[in-house]
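Following: one structure in structure tokens, then a few remarks.
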Amino acid sequence: MKLMLVGTRVVAVAAAGVLLAACGGSASKGGDGPDPEPSGSAKQGGRAADGRKTDATGKPDAKESTLPGALPSAYEFTPNPERVPKDADRARELTRGAALGETDWTAGMVRHTPYESGGTWPVLADSCVWSRSALPAGVLDSFTRRLDVPARDGRGRVQGAVTVTVHRSVAGAEKEIEDTVQESFRCPQQELGGGQRLSGLMSLRFDQKDVRNADASLFEAGKYTGPESGGIQDYVWTKSRIGPVTTAVSVKGAKGYKNSDLLRIAAEGGAKVLYRVELELK
């Protein structure tokens, strides 16, 4: 399972990077390959084989590229302090501005019922059953939108959700990331309510060198069953942090969908919501 998740992590990160680049986000990632060997002219400064500027040593400049969509090799976005929410009103403005709607995620998505929810906090009890509570003192707002890929052509209905949360501090947002990883180890089987169940959950926090569209990111995978799920399906979930803001994207599989299909949907949603968070914080 560990090897499978490592491979999945690479796919998810690469897909998110490509999709962010397509969105034009300043945080998208470029290629992961090694730097090209400098040619004779590159050693004097010029252009490397991938179009990046080189200095006198021939080393590509990580902050500049002439290729479409090619961006810095490390995440360098810094929120504008004046745009970082200090109160609940500004936090609600940000979460609703960043959360994806039915025309924002991927083509053909429709609203789930219920579509929106906010102002509460998920709590995983010792029994591994999820419930909702009031927002903790350190959280200014948390908002979720649910969107589905409708059943068609013999395939089932895929359920997606995107959540944006604003903490009072970066430390609070970072703690959410850390706690999330531990939850899958504490509760590899989880009850969501309404007959929905997750099983075989494993979380993996990405090495920072692999994250080029956020300050921190993690990936979770497992299996999902629930009403009208058509049996046991794949489940993928990502969570990321930019400053004091976290984003989460979950995708519950359906009949006729491969894990790679869900990864693509999750990567697209994750990339787009992170880009929208950046716009809110610029």
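Bear in mind the structure is a predicted one, so any value in this text is a computation, not a measurement.
Shown here for V273 and A98, the closest heavy-atom pair between the two residues is CG2-O, 3.5 Å. Heavy-atom minimum distance, G243 versus A173: O-CB, 3.7 Å. Closest of all the heavy-atom pairs between G172 and S169 is N-OG, 3.0 Å. Here the closest heavy-atom approach between residue A125 and residue C187 is recorded as O-SG, 4.3 Å. The minimum heavy-atom distance between L135 and G119, with the atom names listed, is CG-O, 3.6 Å. Looking at every heavy atom in both residues, T144 comes nearest to A161 through CG2-CB, 4.4 Å.
Checking side-chain atoms of E220 against main-chain N and O of T238 turns up no donor-acceptor pair under 3.5 Å. A donor-acceptor distance shorter than 3.5 angstrom exists from the side chain of Q233 to the backbone of S229, with no hydrogens or angles considered. A side-chain donor-acceptor contact under 3.5 Å links R186 to the backbone of L124. A distance-only check finds a donor-acceptor pair linking the side chain of N80 to the backbone of E82 [under 3.5 Å]. In this structure, the side chain of W105 engages the main chain of I265 through a donor-acceptor pair within 3.5 Å. Side-chain atoms of R146 do not come within 3.5 Å of backbone N or O of R111 as any donor-acceptor pair. When atom types are taken as modelled, the side chain of S184 and the backbone of S203 share a donor-acceptor pair closer than 3.5 angstrom. R83 places no side-chain N or O within donor-acceptor distance of the main-chain N or O of L281, the cut-off being under 3.5 Å.
Under a hydrophobic clustering in which Ile, Leu, Val, Met, Phe, Trp and Tyr are joined whenever their side-chain heavy atoms come within less than 4.5 Å, directly or via other members, I232 and V236 fall into different clusters. V139 is not connected to V84 by any chain of hydrophobic side-chain contacts under 4.5 Å among Ile, Leu, Val, Met, Phe, Trp and Tyr, and they are in different clusters. By the criterion of side-chain heavy atoms lying less than 4.5 angstrom apart, applied directly or through intervening Ile, Leu, Val, Met, Phe, Trp or Tyr residues, M109 is grouped together with Y115 in one hydrophobic cluster. No path of Ile, Leu, Val, Met, Phe, Trp and Tyr side chains, each step under 4.5 Å between heavy atoms, connects V170 with L94, placing them in separate hydrophobic clusters.
With values rounded to the nearest 0.5 angstrom, R241 atom CZ is found 11.5 Å from L218 atom CG. Atoms OG1 and CG, on T95 and L140 in that order, are 10.0 Å from each other to the nearest 0.5 Å. Residue E176 holds its CD atom at 4.0 Å from CH2 of W121, rounded to the nearest 0.5 Å. Rounding to the nearest 0.5 Å gives a distance of 5.0 Å between OH of Y235 and CG of L198. How far CD1 of I242 is from OH of Y75: 3.5 Å, rounded to the nearest 0.5 Å. Distance check, rounded to the nearest 0.5 Å: CZ of F206 to CD1 of I177 gives 10.5 Å.
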Verdict with reasoning, D261 to R264, per salt bridge (Lys or Arg N to Asp or Glu O under 4.0 Å): CA-CA 5 Å; D261 297 324; R264 184 174 61 252; 3.2 Å; yes
Residue pair Q190, W130: steps toward the side chain to side chain donor-acceptor pair (under 3.5 Å) verdict: CA-CA 7 Å; Q190 300 175 6; W130 285 98; 2.8 Å; yes
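A heavy-atom distance below 4.5 Å is found between the side chains of V245 and V164. R205 has its side chain out of reach of F219: every pair of non-hydrogen atoms, C-beta onward, lies at least 4.5 Å apart. Looking at heavy atoms from C-beta onward, T163 lies in side-chain contact with T165 at the 4.5 angstrom threshold. Taking 4.5 Å as the limit, some side-chain heavy atom of D234 sits within range of a side-chain heavy atom of K223. Contact check for L201 versus W237: no side-chain heavy atoms found under the 4.5 Å cut-off. Using a 4.5 Å cut-off on side-chain heavy atoms (C-beta onward), T246 and S240 make no contact. Under the 4.5 Å side-chain criterion, counting only non-hydrogen atoms from C-beta, V149 is in contact with Y257. In this structure the side chain of S133 never reaches within 4.5 angstrom of the side chain of T120, judged on heavy atoms.
Listed by chain and residue number, D89, R90 satisfy the side-chain contact (heavy atoms from CB on, under 4.5 Å) test with D87 (two or more places apart in sequence, or in another chain). For R155, there are no side-chain hydrogen bond (donor to acceptor under 3.5 Å, both in side chains) partners at least two apart in sequence or on another chain. Here K252 pairs with Q196 under the side-chain hydrogen bond (donor to acceptor under 3.5 Å, both in side chains) rule; sequence neighbours left out.
Residue-environment remark: CG (L192) exceeds the threshold of 12 foreign heavy atoms within 6.0 Å. Taking a 6.0 Å sphere around CD of E228, one finds it holds 12 or fewer heavy atoms contributed by other residues, nucleotides or ligands. Within a 6.0 Å sphere centred on NZ of K86, heavy atoms belonging to other residues, nucleotides or ligands number more than 12.
Looking at R92 and D141, no side-chain N of the basic residue comes within less than 4.0 Å of a carboxylate O on the acidic one, giving no salt bridge.
Residues T180 and K239 have side chains that bring a donor and an acceptor to within less than 3.5 angstrom of each other.
Cation-pi check for R96 over F143 is met; the charged atom lies under 6.0 angstrom from the ring centroid and within 45 degrees of its normal.
Evaluated for a salt bridge (Lys or Arg N to Asp or Glu O under 4.0 Å) with D104, the options K272, R276, R145 yield exactly one hit, R276.
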